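Please read these numbers as outputs of a predicted model, since none were measured by experiment. Scope of the values below: all heavy atoms of this structure, side chains included, with no hydrogens, waters or symmetry mates.
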Amino acid sequence: MKEMIIEYGLQFAAELVIMVIGALCAWVLAKLGKEQKLTNVTLALSEAMTHTETTVMELEQTYVKDMKAASKDGKLDFDEIEKLNTMLLDGVKAKLSETSTKILTAAGTDLKALILGAGEAVLQRMRR
């Protein structure tokens, strides 16, 4: 009788240890998954910022100088700015990898606001 009680006790203890280890592993994997998601979002944001900076510089060289030169006051009007914003959005989205686009969209990022805001920041740096 004692042997049977000890045997069942050991089986119960072994199953309990296995369940605790399984729960601990699941918790660790969940934590690692969250950190990986944050790393992926950071990499996707970095890619978007790099492409935005490149595209702003391309537009500056290709279009902006000529548009300003053609203007009477040397400044862009509203329609020209809107056209450049559209070109910036299209250019960055074309360069941005599909994976980064999906990651940023899944993270709830407004790509249009992100790109236009980053583009404005690049212009401010260029003006200094």
*Distance from T99 atom OG1 to L43 atom CG, nearest 0.5 Å?*
11.5 Å
_Value rounded to 0.5 Å, distance of CG in L89 from CG in L116_ = 4.5 Å
*Could I get the full list of salt bridge (charged side-chain N to carboxylate O under 4.0 Å, His left out) partners for K93, not counting sequence neighbours?*
none
_With a 3.5 Å distance limit and no angle check, can you tell me whether T109 reaches the backbone of T105 through a side-chain donor-acceptor pair?_
no
*So, for A44 and L96, which heavy atoms are closest and what is the spacing to 0.1 Å?*
O-CD1, 4.5 Å
_Within the supplied structure, the quantity of interest is the number of heavy atoms (other residues, nucleotides, ligands) at a distance under 6.0 Å from Q124 CD; does it exceed 12?_
yes
*To the nearest 0.5 Å, how far apart are OG1 in T62 and CE in M67?*
11.0 Å
*Any pair with a residue in residues 74-85 that passes salt bridge (charged side-chain N to carboxylate O under 4.0 Å, His left out), sequence neighbours left out, goes on the list, sorted by first then second residue, please.*
none
*Should M49 and V122 count as side-chain neighbours, where that means a heavy-atom distance under 4.5 Å?*
no
*Interatomic distance, N85 atom CG to F78 atom CZ [nearest 0.5 angstrom]*: 8.5 Å
Check residues 52-59 and write down every donor-acceptor pair under 3.5 Å in which the side-chain atom is one partner and the other belongs to a residue at least two apart or another chain.
{"unit_1": "T52", "atom_1": "OG1", "unit_2": "A48", "atom_2": "O", "d": "2.7"}
{"unit_1": "E53", "atom_1": "OE1", "unit_2": "R125", "atom_2": "NH2", "d": "3.4"}
{"unit_1": "T54", "atom_1": "OG1", "unit_2": "T50", "atom_2": "O", "d": "3.0"}
{"unit_1": "T55", "atom_1": "OG1", "unit_2": "H51", "atom_2": "O", "d": "2.7"}
{"unit_1": "T55", "atom_1": "OG1", "unit_2": "K95", "atom_2": "NZ", "d": "2.8"}
{"unit_1": "E58", "atom_1": "OE1", "unit_2": "K95", "atom_2": "NZ", "d": "2.7"}
{"unit_1": "E58", "atom_1": "OE2", "unit_2": "K95", "atom_2": "NZ", "d": "3.3"}

*Separation between CG of D110 and CG of L114, rounded to the nearest 0.5 Å*: 8.0 Å
*Spacing of CG belonging to L104 relative to CG belonging to L45, to within rounding of 0.5 Å*: 5.0 Å
